[in-house]
Amino acid sequence: MQLPDIQDEPDRRGIELDEVGVAGVRYPVHFTDGSTVQDGIASIDVSVRLPADRRGTHMSRMLELVHEHLRHLDPRELPTALKAAASRLDVDSVQFDVSLPIAFEVVAPESGIASWQASDVSLSAKFNEGDVLAETTVRTDVTSLCPCSKAISDYGAHNQRSRVELTVLGASDDAYPLPVKRLFEMIREVGSTPVFPIIKRVDERVVTMRAHDNPAFVEDMARDLSASCREIGVAHRVAVRNFESIHSHDARAAVTWPVRRLERAV
């Protein structure tokens, strides 16, 4: 029986749509990037730019593309996957957005106890008329101790957990400039001290004193992380948010380099 394909009907309104697709697809993925190997459930969006003369797109094909190209997720292969998707969907612009938690092993500073620190990882890649633009983002936490509080107090200083987000930009010839583990490590190098899922009393002593010896404003963390990226010539965006412990508000800082605004993949 011949079934009608309504999506392929022409549209006469003359309006191109910036984004059409599927969102929030939860799918098992095997993540590997040459440094980190991990299995998990990802949330995936697939979208295309729909030409003005086409009524709809084939969303079932998008799910097939997820299964064929993203189930075994290697960020280095995203340009190839995007080009295959553009051909399959018959469009000149297609985008993948993938987010999943990835855990990295950390070791307590004194006891040496190992544990796993989960971080939020996002990959956004867009194929547009032959070019690929990709962003890799890692979000994880550190501890920051207030330099001002330390300077004006007879003893102690307020400290808090700080959420740091680092995004690096890649392109067709180098879509994945740094592995997510390296981004995670770079984030943990800023602030007053890293955080640890498991610490014993001997570790708590070391971590507390380390934070006291390395006070950092939210501005310091943003600048230090940006400086590390600039040293290796990686285009990036940094965003830091302090969940303040003695204020009813949070503190935040952000920086983008190069100065031109990094284009979002959408």
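Throughout, numbering of the chain's residues begins at 1 and tracks the sequence. The model shown is predicted, which means the values in this text are computed figures rather than measured ones. Just so you know, these numbers use all the heavy atoms, side chains as well, and skip hydrogens, waters and symmetry mates.
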Electrostatic pair Arg88-Glu68, nearest N-O below 4.0 angstrom: yes
Closest heavy-atom pair and its distance - Ala222, Ala253: CB-CB, 4.0 Å
Short side-chain to backbone donor-acceptor contact, His236 and Val234, under 3.5 Å: yes
Arg188 charged N/C atom sitting above Phe196 aromatic ring, 6.0 Å / 45°: yes
Any donor-acceptor pair under 3.5 Å from Ser228 side chain to Asp224 backbone: yes
Candidate pair Leu123 and Leu73, rule side chain to side chain contact (heavy atoms under 4.5 Å, CB included), full reasoning: CA-CA 10 Å; Leu123 303 167; Leu73 179 59; 4.0 Å; yes
Heavy-atom pair of closest approach, residues Ala175 and Pro79: CB-CG, 3.7 Å
Nearest-0.5 Å distance, CG of residue Leu70 to CG of residue Leu65: 8.0 Å
Donor-acceptor under 3.5 Å (Ser119 side chain, Val138 main chain): no
Exceeds 12 heavy-atom contacts within 6.0 angstrom, atom CZ of Arg252: no
Sub-4.5 Å side-chain heavy-atom contact between Ser43 and Ser99: yes
Residue pair Thr137 / Ser122, side-chain donor-acceptor N/O under 3.5 Å: no
Linked, directly or transitively: Val142 and Phe217 (ILVMFWY side chains, under 4.5 Å): no
Close side-chain approach of His69 and Leu78, heavy atoms under 4.5 Å: no
Heavy-atom side-chain contact between Val37 and Phe31 under 4.5 Å: no
Heavy-atom donor-acceptor pair, Ser192 side chain to Asn214 backbone, under 3.5 Å: yes
Close side-chain approach of Phe127 and Ser93, heavy atoms under 4.5 Å: no
Trace of the side-chain hydrogen bond (donor to acceptor under 3.5 Å, both in side chains) decision for Ser124 with Asp97: CA-CA 4 Å; Ser124 182; Asp97 292 289; 2.6 Å; yes
Separation of Ile15 CD1 from Leu50 CG (nearest 0.5 Å): 11.5 Å
From CA spacing to verdict: side chain to side chain contact (heavy atoms under 4.5 Å, CB included), Lys181, Glu185: CA-CA 6 Å; Lys181 183 178 181 181; Glu185 293 169 343; 3.4 Å; yes
Test log, rule side chain to side chain contact (heavy atoms under 4.5 Å, CB included), inputs Val29 and Leu100: CA-CA 9 Å; Val29 299; Leu100 73 161; 3.8 Å; yes
Heavy-atom side-chain proximity of Thr136 to Thr167 below 4.5 angstrom: no
Euclidean distance, Asp131 CG relative to Leu133 CG, rounded to 0.5 Å: 9.0 Å
Distance (rounded to the nearest 0.5 Å) between Tyr176 OH and Glu77 CD: 12.0 Å
4.5 Å side-chain heavy-atom contact, Met186 and Arg182: yes
Nearest heavy-atom neighbours spanning Ser245 and His158: OG-ND1, 3.4 Å
Check: Ala171 main-chain N/O paired with Asp174 side-chain donor or acceptor under 3.5 Å: no
Nearest heavy atoms of Ser226 and Val255, plus distance in Å: CB-CG1, 3.7 Å
ILVMFWY network linking Val48 to Leu17, side-chain heavy atoms under 4.5 angstrom: yes
Side-chain touch Val202/Ser111, heavy atoms, less than 4.5 angstrom: yes
Least distance between heavy atoms, Pro258 atom then Ala235 atom: CD-CB, 3.7 Å
Residue list, side-chain contact (heavy atoms from CB on, under 4.5 Å) with Val206, at least two apart or on another chain: Pro109, Glu110, Arg210
Transitive ILVMFWY side-chain link Ile232 to Val164, under 4.5 Å: yes
Arg223 atom CZ, neighbour heavy-atom count above 12 within 6.0 Å: no
Among Asp33, Val168, Leu166, side-chain contact (heavy atoms from CB on, under 4.5 Å) partner for Val180: Asp33
Gln38 side chain to Ala103 backbone, donor-acceptor under 3.5 Å: yes
Pair Asp18 + Arg49: basic N to acidic O under 4.0 Å: no
Minimal non-hydrogen separation, Leu145 against Ala157, with atom names: CD2-CB, 3.7 Å
Heavy atoms of other groups near Lys150 NZ, more than 12 under 6.0 Å: yes
Interatomic spacing from CG in Leu82 to CG in Asn128 - rounded to 0.5 Å: 11.0 Å
Chi angles and distances behind the side chain to side chain contact (heavy atoms under 4.5 Å, CB included) call for Arg237, Glu135: CA-CA 10 Å; Arg237 182 170 57 245; Glu135 293 184 358; 3.3 Å; yes
In one Ile/Leu/Val/Met/Phe/Trp/Tyr side-chain cluster, 4.5 Å: Val195, Ile198: no
side-chain contact (heavy atoms from CB on, under 4.5 Å) partners of Asn242, counting only residues at least two apart: Ser144, Gln160, Ser162, Val218, Met221, Val240, Glu244, Ala251
Validation row: Met59, Val46 side chains within 4.5 angstrom (heavy atoms): no
Common cluster, Val106/Ile113, ILVMFWY with side-chain heavy-atom separation under 4.5 Å: no
From Phe96 atom CZ to Lys126 atom NZ, the distance as rounded to the nearest 0.5 Å: 13.5 Å
